[in-house]
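Have a look at the structure below, then the notes.
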Amino acid sequence: MSKQGLPVLASECCTPLIAEPIAEDEAAEMARVFKALGDPIRLRLLSLIGAHESGRQVGDGVCVCELTGAFAVTAPTISHHLKVLREAGLIDSQRRGTWVYYWIIPATLKRLTSVLALPETLVADAR
């Protein structure tokens with residue numbers, strides 16, 4: 001018997017959506033951001049910037065001199081990783097004299113958390 005002739009039966013494996021899934025273009029953009037976070041140095045850099053009060057203030061920032069000492073890699077390597085985070089839209093920066101100051105972009109972090117957040121009904125069910 002061909003598959004076309006088989007009746008379609010209701011199955012528990014095909015449950016309805018309970019929330020709006022991420023759109024294809026948004027998924028491509030967020031994948032780029034997650035890829036930037038896929039390196040331990042970049043993840044730590046983002047964490048260090050966010051751990052500073054001034055790193056959470058747009059336009060204020062953490063001096064790169066406060067970041068480089070936390071790693072056993074060269075300053076150019078740190079600069080490369082900061083550039084990747086900047087290009088992914090996770091952080092922004094401003095040069096002030098000799099030093100560059102970095103801060104987190106809250107809107108990008110909010111988008112990341114919205115992708116990862118479970119619908120409230122699932123959170124309640126997990127408890």
Side-chain angles (χ1 to χ4, degrees):
M1 179 187 277
S2 72
K3 290 182 182 182
Q4 293 173 340
L6 294 176
V8 178
L9 302 175
S11 171
E12 289 186 29
C13 73
C14 300
T15 57
L17 294 175
I18 60 170
E20 187 68 31
I22 188 170
E24 190 174 334
D25 58 337
E26 178 76 1
E29 176 60 28
M30 287 291 94
R32 189 172 70 84
V33 176
F34 281 113
K35 185 176 180 181
L37 291 174
D39 182 278
I41 292 176
R42 291 193 287 268
L43 191 55
R44 284 197 59 221
L45 278 167
L46 186 69
S47 176
L48 280 169
I49 294 168
H52 281 70
E53 182 178 351
S54 55
R56 296 174 184 215
Q57 303 298 318
V58 174
D60 196 0
V62 179
C63 182
V64 70
C65 64
E66 296 180 63
L67 302 172
T68 54
F71 300 92
V73 296
T74 64
T77 300
I78 295 297
S79 293
H80 164 74
H81 288 298
L82 289 166
K83 178 184 174 187
V84 171
L85 291 172
R86 212 174 51 249
E87 288 175 347
L90 287 160
I91 61 173
D92 204 355
S93 64
Q94 180 182 49
R95 179 170 292 283
R96 298 180 200 149
T98 308
W99 301 107
V100 179
Y101 290 77
Y102 295 89
W103 59 88
I104 287 177
I105 299 176
T108 305
L109 292 183
K110 188 173 183 174
R111 286 173 54 206
L112 284 175
T113 57
S114 71
V115 169
L116 296 175
L118 292 173
E120 188 58 37
T121 55
L122 289 178
V123 174
D125 291 344
R127 292 180 191 151

Check whether Trp103 and Leu43 end up in the same hydrophobic cluster, where Ile, Leu, Val, Met, Phe, Trp and Tyr are linked by side-chain heavy atoms less than 4.5 Å apart. no

Do you reckon Val100 sits in the same ILVMFWY cluster as Leu85, going by side-chain contacts under 4.5 Å, direct or chained? yes

Working to the nearest 0.5 Å, report the span between OG1 of Thr108 and CD of Glu29. 8.0 Å

side-chain contact (heavy atoms from CB on, under 4.5 Å) involving Lys35 - partner list, sequence neighbours excluded: none

Side chain to side chain contact (heavy atoms under 4.5 Å, CB included) for Ile91 and Leu45? Distances and angles first, verdict last. CA-CA 10 Å; Ile91 61 173; Leu45 278 167; over 6 Å; no

Distance-only criterion, 3.5 Å: show the donor-acceptor pairs between side-chain atoms of residues 56-65 and protein atoms not counting sequence neighbours.
| unit_1 | atom_1 | unit_2 | atom_2 | d |
| --- | --- | --- | --- | --- |
| Arg56 | NE | Gly50 | O | 2.3 |
| Arg56 | NH2 | Gly50 | O | 3.0 |

May I have all residue pairs that pass salt bridge (charged side-chain N to carboxylate O under 4.0 Å, His left out) and include part of residues 61-72, sequence neighbours excluded? none

With sequence neighbours excluded, residues passing side-chain hydrogen bond (donor to acceptor under 3.5 Å, both in side chains) with Thr74: Thr77

Just how far is it from atom CZ of Arg42 to atom NE2 of His80, taken to the nearest 0.5 Å? 5.5 Å

Leu82-Ile41 co-clustered via ILVMFWY side chain contacts under 4.5 Å: yes

Given 3.5 Å as the limit, does a donor-acceptor pair link the side chain of Arg95 with the main chain of Thr98, or not? yes

Please report the closest heavy-atom contact between Ala36 and Val84, naming both atoms and the distance. CB-CG1, 4.0 Å

So, using side-chain hydrogen bond (donor to acceptor under 3.5 Å, both in side chains) as the criterion, who are the partners of Glu26 when residues are at least two apart? Arg111

Using only atom types and a distance under 3.5 Å, with no angle test, would you say the side chain of His52 pairs donor to acceptor with the backbone of Leu48? yes

With sequence neighbours excluded, residues passing side-chain hydrogen bond (donor to acceptor under 3.5 Å, both in side chains) with Arg96: Gln94

Please name the pair of heavy atoms, one in His81 and one in Asp39, separated by the smallest distance, quoted to 0.1 Å. CE1-OD1, 3.6 Å

Arg44: partners by side-chain hydrogen bond (donor to acceptor under 3.5 Å, both in side chains), with sequence neighbours left out: none

Would Ile49 and Ile78 show up in the same hydrophobic cluster when neighbours are defined by side-chain heavy atoms closer than 4.5 Å? yes

Other hydrophobic cluster members with Ile105, side-chain heavy atoms of Ile/Leu/Val/Met/Phe/Trp/Tyr under 4.5 Å, chained? none

Just to verify, what does Leu112 make a side-chain contact (heavy atoms from CB on, under 4.5 Å) with, not counting sequence neighbours? Met30, Val33, Phe34, Leu37, Leu90, Leu109

